[in-house]
Every structure is written in structure tokens, then in C-alpha cells.
Q: 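Encoded as C-alpha cells, here's the structure I'll be asking about.
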Amino acid sequence: MRDLNIYNTLSGVKEKFTPLSKDVVSMYVCGPTVYGEPHLGHARPAITFDILFRYLCFLGYKVRYVRNITDVGHLLNDADDGEDKIGKKAKALKLEPMEVAHFYTKKYQEAMSFLNVKTPSIEPTASGHIIEQIEMVKKIIDNGFAYEVNGSVYFDVVKYNSKHNYGVLSGRKIEDILENTRQLDGQSDKKNSVDFALWKKAAPEHIMRWPSPWGEGFPGWHIECSTMSCKYLGEQFDIHGGGMDLVFPHHEAEIAQCCAANQKSAATYWMHNNMITISGQKMGKSLGNFITLSEFFNGNHEKLEQSYPPMVIRFFLLQAHYRSTIDFSNESLQAAEKGLSRLFSAIKTLQNLEPSVKSTVDISSYKIKCEVAMKDDLNTPIVLSHLFDAVKVINATNEKKFDLSKEDILELKDLFYNYTYEIFGLEEMEKQDDSQDLNGIMKILLEIRSKSKEKKDWDTADFIRDQLNEINIEIKDTKDGSTWNNKK
RNA sequence: GGUCGGAUGGCCGAGUGGCUAGGCAGUGGUCUGCAAAACCAUCUACACCGGUUCGAAUCCGGUUCCGACCUCCA
């Protein structure tokens, strides 16, 4: 339970991870805004922090993992008064906003479960914490860091910056931001362009609205995370995560809000995953170049040459370090698919390995190497490279080129079990149709084929093989007879 | 424009001073009636120009190109 190092955006370096309380870790990750289909971009933070969650548990920590659902319609931008993403969608579809939010929340959770992402300990919704958000806004006003104008409340960034450092996380200087944000703000009520909304008055056409001390309105974008992390993890907790695109302004604002309200910076460690790119460009909703997860799963998108099962997506992401961008392409996903099946087939081989009295190959280093890589800021690609080295040993042993003792085989089983299933959350892509009927029929067919082969009746043997292949049943001839598997 | 990051072999992607990353593809081989699958072996690198060093993909300076954030975004 020691020596896990993680990169902290706050300090800009890798730091030894020391939780606030010895055996317990508190972790908050920014979840999705539920107004559209979950896409590949959503999978990255979910999987990155799922790995961290799993690994912390593996190390014996008790983890409370909170990942929010943003189901409150935030404004598209400051100039666009009264329109929010969820509300807009609801109007277009003639639905209640919460119907839209609920629909996409289910979609998101479903996709995450396909990807074998563990459910967080708590998945709170912004709409369920309006009262708490109002309370926090009040606290910030009382502390003198926010002001009310026309039914909206804004965070006074300039004043805050005179006492604290607005920019600790993103490295931004307030002067630069002020200079660079001199675009026409419409008839904004803000004192300074850097100020951001804590509570926004609802325009008449705005359909998501709640009563507040300042009139009917809705909470600002950043306040929900501050409120919910504080409620469930305390004013100071261990890890706050999310995508790199959230560093500024979202997480910067969160820190400011928490400092303004509680004199605490919320999280000790701030972790950010990098983006997924498509042809070198960020895959994102605003760019319209995203591919949804269900499109990956069913292959139904013009850019996709085939369907990619959830585990392939998961493995694909693990092949890159979470802080690197990863470029999507059919070629790399297909490579991932083959790599993954090589890994699983070796695990299968491992189950049936014949133990020898003594080992002729040293496998003791793998466990340590994997651990070192994992503890070095979750270097999953390095862990995988060690596992693939071990795959070679397993296969070579199976070919009688090496011997492995019973103890060493157990150690390898342990290694693969821990990393593949427990920590990486990879599961076999079993699409096996193991119905009794099919099994029986296949047994008969393979027997006929085997008899024809004995009689050197290659026409019949090949006919059976080729016809089955046509309906996606693949025959594999091995020394000990033939096996079959369902390709679809 | 400001801030930050990146440029690695056919593709993806690790690696911060000397030792084979790994996966996929390619090539050769084993197996096989043939094939597929599987397995084994193996080739192709470090954007460019200088510098530091016994030695640089790795450090320093410069150049070119690309990306992210600065508006909602994972």
C-alpha cells in the first residue's frame, strides 16, 4: 500500500500519493452533461479513473468514489441568455427536460457498464442538490467573494485573486485573462469579464428553473461539483479528476469557490486525462467529429470499417498512457482487437499448462515490473508490455521450450488475474453460443468431417469447413482434433 | 495573440544519457492433406540545425510543423 506516484496538475510533477486518512481514499471525478449520446470521449476519463479506482482498491484502500451527473441545463455561453443544452433539446423534442436528462443518463450508464466501468460509490445529480448549491452560494456571498445583480449571482474573481491565487491550477494570470477576454459581453451584469456565474436568473423561456433567495433561476456550471464533492467527501479530499479540457475554467473555478467558501482548495491531487483525437484533432461534440459508443459497438458509422466490442475500446485506451493524446483509427483499433485476443488466448493456455518439477525460466520479475509501472502514474502501456513478455513465456512453455513449476504457474495465474481482470477490468469477449443444441450439432459435424479426413475425402471435409465459415463458425484444426468457435 | 503540450520505425504507442519497450502489419519458419488459426524468429525509428558529453531519441539553444486551453466540451 505504498509508493503510488501520481501526476498532480496542481504542482505539475509526479508526487507520492498520501491520502488524508491512512486507509481511506476520497475521489471525485467530473461526469457527463447528459444531453446527448455518450461518445468515445466520455470513455476516456471513465476508464482512466475506473483503473485508478480499481487499483486503489487493489492496494487495499477503502475508496469512496463520487462521479456526478450534470442534469441541470447550463448556458451555452454568456451571450446566449436563457438557452441551455438540455432545455434546448427538450424543446426540440417536446419533452420535459428531466426526460431528456434521464434518457441520456441511462444511455451513459449502460455504455459504461458495457465497458465494464465499475459504478462509482455515489453518482449524484446536480438537480438533486439545488438546495446545497444555494447554501454554498450564500456562503460565498457572506464571505464577500460574490455579488448579486438582477437576480443572478457572480463570483468576484478580481477580489478573490487579491487574497488567493486564481490560476493556481491552470497557470493562468488574471491580467492575461482580462486582456484576452475583451469581447463584447452583451449587456452583461458582471463587474469583470473574468467573473463567472454562481446562480443565473432564468429568462422567461428557460424551462429548467428553481426558486432561490435571488428569484427563479438555475445554478452556475461550476458550483455543482464544489457542492457535491464537499457534501460527500468533505471540504478537503484526496483526488479530483476529469478531462484536461476542464482544467480551465471549470476546475480553476471549483478551487476558487471552495477556497472562497471553506478556505480549502478541495482536492489534494488534481488528475487530468488527455483527449482522444481523430486525425490529430480533438474528438468533441462542438467539433462534430465524435463517434458515439453505441456506434463503435455496432459499427454503424461511416468512419468505422467494422464494429468494435467494448473490451477492444477499453484495451485500446489502456495501450496509451492516460496523459497522452490517443489517436483513433480503424487500423489501431483492429490492432488492439488482435492484441487483446492474443492476451486472452495466452491466459487460456496458462490454465492448461503442465507443471514441471523445476522452472527453467525466471518469472519472478514480472510482478515487480508491473507493480513499478503501475505505481509510476498508472503506466498501463508498460504493464501491458510486461504482460506480453509473460505471454511469450507461457506460449513457449506450452511448446515445451521452457519448464514452469507448479508454484510459478500459480504466480503467473495470479499476475494475469490481478492485472487483466481486477485492475484493468478486461473481460473475455465471449460471444459463444453454447446452447445444447448447437453444441450437439457441431459435435456431429466435426465427427463427420474427421471421418472424411481419415478417408482423405477432402471435398467433404472442406465443404463442411467452408460452409460453416460462411455462417461465421470457424473451425480450427489442432493436433488433438478440431475445435470451433462462433465469430459473430 | 496569451498559456501549455507534442513531433519516435508501415500504423498505434512506451521510453529522460549508454542496455531488445510492447501491440498490429510485413518477412522467414513450425504445425497442417490444403487452408485458417496458433506459436516461434526477425527487418524498418527517434522532425530539422547547432551545442554539451567518452556517449543523446533522451539534456541545452534555435528552426519548422501539429495540437490543447483561453466560449460549452471528457
Q: Considering only atom P, compute the distance from rA47(B) to rA38(B) and round it to an integer number of Å.
A: 34 Å
Q: Look up atom CD in Gln334(A) and atom CZ in Phe316(A), then write down how far apart they are to the nearest 0.5 Å.
A: 11.5 Å
Q: Answer with base, sugar-phosphate or nothing: what part of the nucleic acid does Thr277(A) contact at a heavy-atom distance below 4.0 Å?
A: nothing
Q: Quick one: are the ring centres of Phe155(A) and Tyr160(A) less than 6.0 Å apart?
A: yes
Q: Please report the interatomic distance CD(Gln257(A)) to SG(Cys225(A)), rounded to the nearest 0.5 Å.
A: 9.0 Å
Q: Starting at atom CE of Met275(A), determine the distance to atom C1' of rG6(B), rounded to an integer number of angstrom.
A: 15 Å
Q: Between Ser329(A) and His222(A), name the one whose nearest nucleotide on RNA chain B is closer to the 5' end.
A: Ser329(A)
Q: Which listed nucleotide (rA25(B), rG33(B), rC70(B)) is nearest to the side chain of Arg172(A)?
A: rC70(B)
Q: Using the C1' atom as the point on both nucleotides, what is the distance between rC31(B) and rC40(B), in whole Å?
A: 11 Å
Q: Under the criteria of a ring-centre distance below 5.5 Å and an interplanar angle below 30°, is Phe388(A) stacked with the base of rG23(B)?
A: no
Q: Taking CG from Leu246(A) and C1' from rU71(B), how many angstroms apart are they, rounded to a whole number?
A: 14 Å
Q: Can you find a donor-acceptor N/O pair under 3.5 angstrom joining the side chain of Arg465(A) to the base of rA36(B)?
A: no
Q: Quick one: is Lys282(A) getting a side-chain N or O under 4.0 Å of the rG67(B) phosphate, OP1 or OP2?
A: no
Q: Can you tell me, in whole Å, how much space there is between the C1' of rC48(B) and that of rA7(B)?
A: 11 Å
Q: Looking only at side-chain N and O atoms, does Ser324(A) come under 4.0 Å of OP1 or OP2 in rA14(B)?
A: yes
Q: Measuring only the P atom in each nucleotide, how far is rC43(B) from rU27(B)? A whole number of Å is fine.
A: 16 Å
Q: Kindly say if Arg342(A) contacts the phosphate of rC39(B), meaning a side-chain N or O under 4.0 Å from OP1 or OP2.
A: yes
Q: Where the side chain of Arg44(A) is concerned, which of rG22(B), rA74(B), rC72(B) is the nearest nucleotide?
A: rA74(B)
Q: Select one nucleotide: of rG2(B), rA14(B), rC39(B), the one nearest the side-chain heavy atoms of Glu399(A).
A: rC39(B)
Q: For rG33(B), does the base pair up with any side-chain atom of Asp462(A) as donor and acceptor (N or O, under 3.5 Å, distance only)?
A: yes
Q: Now, which nucleotide makes the Watson-Crick or G-U wobble pair with rG1(B), with each of the two distances under 3.5 Å?
A: rC70(B)
Q: If you assign Lys456(A) and Lys476(A) each to the RNA chain B nucleotide with the nearest heavy atom, which residue ends up on the more 5' nucleotide?
A: Lys456(A)
Q: For a quick check of understanding: with a heavy-atom distance under 4.0 Å over all strands, which category does Gly339(A) fall into, base, sugar-phosphate or nothing?
A: sugar-phosphate
Q: Looking at rA38(B), I'd like to know if its phosphate oxygens (OP1 or OP2) sit under 4.0 Å from a side-chain N or O belonging to Asn398(A).
A: no
Q: What contact category does Ile326(A) fall into here, base, sugar-phosphate, or nothing, at under 4.0 angstrom with non-hydrogen atoms?
A: sugar-phosphate
Q: CG of Asp327(A) versus P of rG10(B): gap in Å, rounded?
A: 17 Å
Q: Mind checking who rU32(B) pairs with, Watson-Crick or G-U wobble, both distances under 3.5 Å?
A: none
Q: Considering every strand and a 4.0 Å limit on heavy-atom distances, what is the contact class for Ser385(A): base, sugar-phosphate, or nothing?
A: base
Q: Return the value, rounded to whole Å, for the distance between atom CG of Asn273(A) and atom P of rA74(B).
A: 11 Å
Q: Between Tyr28(A) and Asp238(A), is any side-chain donor less than 3.5 angstrom from a side-chain acceptor?
A: no
Q: With a 4.0 Å cut-off on heavy atoms, is His272(A) in touch with a base, just the backbone sugar-phosphate, or nothing at all?
A: nothing
Q: Nearest of rG33(B), rG10(B), rA74(B) to any side-chain atom of Ile276(A)?
A: rA74(B)
Q: Among rA74(B), rC72(B), rG33(B), find the nucleotide with the atom closest to the side chain of His42(A).
A: rA74(B)
Q: Measuring only the P atom in each nucleotide, how far is rG2(B) from rC19(B)? A whole number of Å is fine.
A: 39 Å
Q: From NZ of Lys392(A) over to P of rC24(B), roughly how many Å is that when rounded to an integer?
A: 9 Å
Q: Can you figure out which of rG22(B), rA14(B), rC70(B) approaches the side chain of Pro381(A) most closely?
A: rA14(B)
Q: Please state the C1' separation for the pair rG17(B) and rG55(B) - nearest whole angstrom.
A: 8 Å
Q: With the threshold set at 4.0 Å, does a side-chain nitrogen-carboxylate oxygen contact exist between Asp189(A) and Lys201(A)?
A: no
Q: Of all the choices, rC11(B), rA38(B), rA74(B), which nucleotide is nearest to the side chain of His39(A) once you look at every atom?
A: rA74(B)
Q: I'd like the P distance from rU20(B) over to rA45(B), given in whole Å.
A: 16 Å
Q: Nearest-Å distance, CD (Gln334(A)) to C1' (rC24(B))?
A: 10 Å
Q: With rounding to the closest Å, how many angstrom separate the P atoms on rA21(B) and rU58(B)?
A: 15 Å
Q: Any idea how His222(A) and His250(A) line up, ring-wise: parallel (<30°), tilted (30 to 60°), or perpendicular (>60°)?
A: tilted
Q: Let's test your reading of the model: under 3.5 Å, does the base of rA35(B) pair with the side chain of Asp477(A) as donor and acceptor?
A: yes
Q: Taking CD1 from Ile51(A) and C1' from rA74(B), how many angstroms apart are they, rounded to a whole number?
A: 16 Å
Q: Which listed nucleotide (rG33(B), rA74(B), rG23(B)) is nearest to the side chain of Lys285(A)?
A: rA74(B)
Q: Given the ring of Tyr35(A), does Lys285(A) sit roughly above its face, with NZ or CZ under 6.0 Å from the centre of the six-membered ring and within 45° of the axis?
A: yes
Q: Between Arg342(A) and Phe388(A), is NZ or CZ placed under 6.0 angstrom from the six-membered ring centre and within 45° of the ring axis?
A: no
Q: Looking at every heavy atom in both Glu428(A) and Tyr421(A), which two are closest together, and how far apart are they?
A: OE1-OH, 4.2 Å
Q: Please report, rounded to the nearest Å, how far the C1' atom of rC24(B) is from the CD atom of Glu305(A).
A: 14 Å
